[in-house]
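Residue numbers count from 1 along this sequence. Any value given below was found using the heavy atoms of this structure, including those in side chains, with hydrogens, waters and symmetry copies removed.
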Amino acid sequence: MISLPLVYTILALVAYTTSFWYLFLKLMAKRDPNHWFIGIILGLGLLLHATVLYHDMLTPMGVNYDVFVLMSFTSGLMLLLSLLYSTYRPILALNLIGIPVAATGLILGFAFSQSTQFIEQRSLGLDIHIILSLSAYAVLLMATIQAMILWFQDRELKNKQKKRFWVNLLPSFQAMESLLFDLIKTGFLLLTVALVFGFFTIDNFFAQHLAHKTAFSIISWFVYGALLIGHYRFGWRGQKAIRFTLIGFFLLAVGFIGSKFVLEMILGR
């Protein structure tokens with residue numbers, strides 16, 4: 001018997017595929033896509049994606065933190081933000097990246113997720129902290145990718161190359177840079193709230209081996225905060241904004257991935 005989550009997954013993939021090919025063909029023909037059509041179809045796909053995710057992630061035992069569920073969550077969040085930002089920034093073409101990522105995350109989450117990864121001493125506050133942290137990482141990862149793309153565009157513009165792949169393929173440098181700061185502001189806000197929830201919901205950072213993650217997250221928070229202050233007060237942009245963005249995410253990655261590797265692979269904890 002076909003389950004409802006399977007039906008929702010198939011319908012979401014149909015919506016994603018339809019919007020992708022519609023947008024791709026319009027852009028290849030150098031014709032302006034209908035923003036309302038893209039918004040409605042992608043919005044429907046995201047709603048179905050969220051329904052499947054709700055079934056997989058929220059269980060009677062608590063929030064399921066299976067890696068494939070989290071991949072589905074982060075990929076859907078990335079597409080949602082890409083769609084929202086494209087409503088007021090001329091960056092609709094970037095959804096051609098977000099749509100396949102969300103579709104892949106949805107498939108992996110539905111096909112391989114298992115309801116086994118639960119936190120023993122859980123609470124609502126802790127669940128909120130974890131979900132906000134994951135959301136912040138996802139948004140700041142988008143900002144990091146955006147910064148790398150900006151670096152390629154900036155290099156092509158400064159070197160005055162005849163064949164400008166990134167400049168011709170993507171929206172203008174100014175639009176892409178504005179999107180970068182939109183992402184940083186969103187990620188910074190999510191990281192701020194996640195840290196606040198963490199301080200109020202986690203009793204002992206040292207006993208739970210979280211001191212290193214917290215330290216790197218706070219340093220990263222200061223880096224992103226300094227970038228935003230520098231941008232609005234001193235006009236920081238271009239290469240300086242790119243460097244700060246990459247450094248900030250590097251610190252987050254070291255705190256999350258690096259500490260996990262040391263604890264599990266080296267110390268066996």
Side-chain angles (χ1 to χ4, degrees), residues 63 65-75 77-78 81 97 101 104-105 108 117 119 121 125-152 154 177 179-231 236-269:
V63 179
Y65 292 109
D66 178 81
V67 62
F68 293 106
V69 172
L70 298 182
M71 288 174 65
S72 178
F73 171 78
T74 53
S75 64
L77 177 63
M78 287 179 175
L81 289 174
I97 300 174
V101 170
T104 302
L108 292 175
Q117 302 297 318
I119 295 178
Q121 297 179 347
L126 183 58
D127 286 334
I128 293 175
H129 164 70
I130 294 173
I131 292 172
L132 285 172
S133 298
L134 291 168
S135 301
Y137 293 149
V139 176
L140 293 171
L141 173 60
M142 290 177 67
T144 303
I145 297 171
Q146 184 75 3
M148 295 173 65
I149 295 173
L150 274 172
W151 183 82
F152 287 121
D154 186 61
E177 190 175 63
L179 175 61
L180 173 64
F181 283 101
D182 286 343
L183 290 167
I184 292 173
K185 285 186 289 185
T186 304
F188 181 77
L189 177 61
L190 288 169
L191 184 60
T192 302
V193 181
L195 287 172
V196 171
F197 265 95
F199 281 119
F200 281 104
T201 56
I202 299 175
D203 296 328
N204 192 329
F205 286 99
F206 293 95
Q208 298 184 43
H209 312 295
L210 295 174
H212 39 277
K213 293 182 181 180
T214 305
F216 277 106
S217 296
I218 292 174
I219 297 171
S220 176
W221 182 86
F222 275 109
V223 171
Y224 286 118
L227 172 57
L228 290 174
I229 293 172
H231 174 65
W236 290 1
R237 55 193 298 268
Q239 288 294 326
K240 183 168 287 189
I242 293 170
R243 286 195 295 270
F244 267 78
T245 304
L246 296 179
I247 291 170
F249 191 76
F250 174 77
L251 291 167
L252 276 181
V254 168
F256 184 74
I257 301 174
S259 60
K260 186 177 179 65
F261 175 80
V262 171
L263 286 171
E264 295 185 4
M265 302 301 294
I266 298 178
L267 300 179
R269 296 178 179 174

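Using a 4.5 Å heavy-atom threshold, the side chains of S75 and T104 count as separate. Within the 4.5 Å cutoff, no side-chain heavy atoms of L227 are placed close to those of K240. Residues F249 and V223 are not in side-chain contact: their nearest non-hydrogen atoms beyond the backbone lie 4.5 Å or more apart. For the pair I130 and V63, the minimum side-chain heavy-atom distance is 4.5 Å or more. Proximity of F250 to V254: side-chain heavy atoms (C-beta onward) are separated by under 4.5 Å at one or more points.
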Problem set entry | L246/M148 under side chain to side chain contact (heavy atoms under 4.5 Å, CB included): CA gap, chis, key distance, verdict | CA-CA 8 Å; L246 296 179; M148 295 173 65; 4.0 Å; yes
Exercise. Could you go step by step and tell me if Y65 and D127 meet the side chain to side chain contact (heavy atoms under 4.5 Å, CB included) rule?
Worked result: CA-CA 10 Å; Y65 292 109; D127 286 334; 2.8 Å; yes
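To the nearest 0.5 Å, the span separating CD1 on I97 from CD1 on I149 amounts to 5.0 Å. Rounding to the nearest 0.5 angstrom, the gap separating the CD1 atom in I247 from the CD1 atom in I219 is 12.0 Å. Separating the CH2 atom in W221 from the OG1 atom in T214 is a distance of 14.0 Å, to the nearest 0.5 Å. Rounded to the nearest 0.5 Å, atoms OG1 (T245) and CH2 (W151) are 15.0 Å apart. One finds the CG atom of L70 at 12.0 Å from the CG atom of L77 (value rounded to the nearest 0.5 Å). Atom CD of Q146 and atom CG of D182 lie 9.5 Å apart (nearest 0.5 Å).
For the salt bridge (charged side-chain N to carboxylate O under 4.0 Å, His left out) condition, no pair includes a residue of residues 220-231, sequence neighbours left out.
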Please list every donor-acceptor pair under 3.5 Å in which a side-chain atom of residues 132-144 meets a protein atom from a residue at least two apart or in another chain.
residue : atom : partner : partner atom : Å
S133    : OG   : H129    : O            : 2.8
S135    : OG   : I131    : O            : 2.8
T144    : OG1  : L140    : O            : 2.8

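Between S220 and G248, the shortest heavy-atom distance links the atoms OG-O, 2.8 Å. Nearest approach of H231 to W236, heavy atoms of both residues: ND1-O, 2.7 Å. Of all non-hydrogen atoms in S217 and L195, the two that sit nearest each other are CB-CD2, 4.0 Å.
Although no hydrogens or angles enter the test, the distance criterion places a donor-acceptor pair under 3.5 Å between the side chain of T192 and the main chain of F188.
In this view, E177 and R237 satisfy the side chain to side chain donor-acceptor pair (under 3.5 Å) rule, not counting sequence neighbours.
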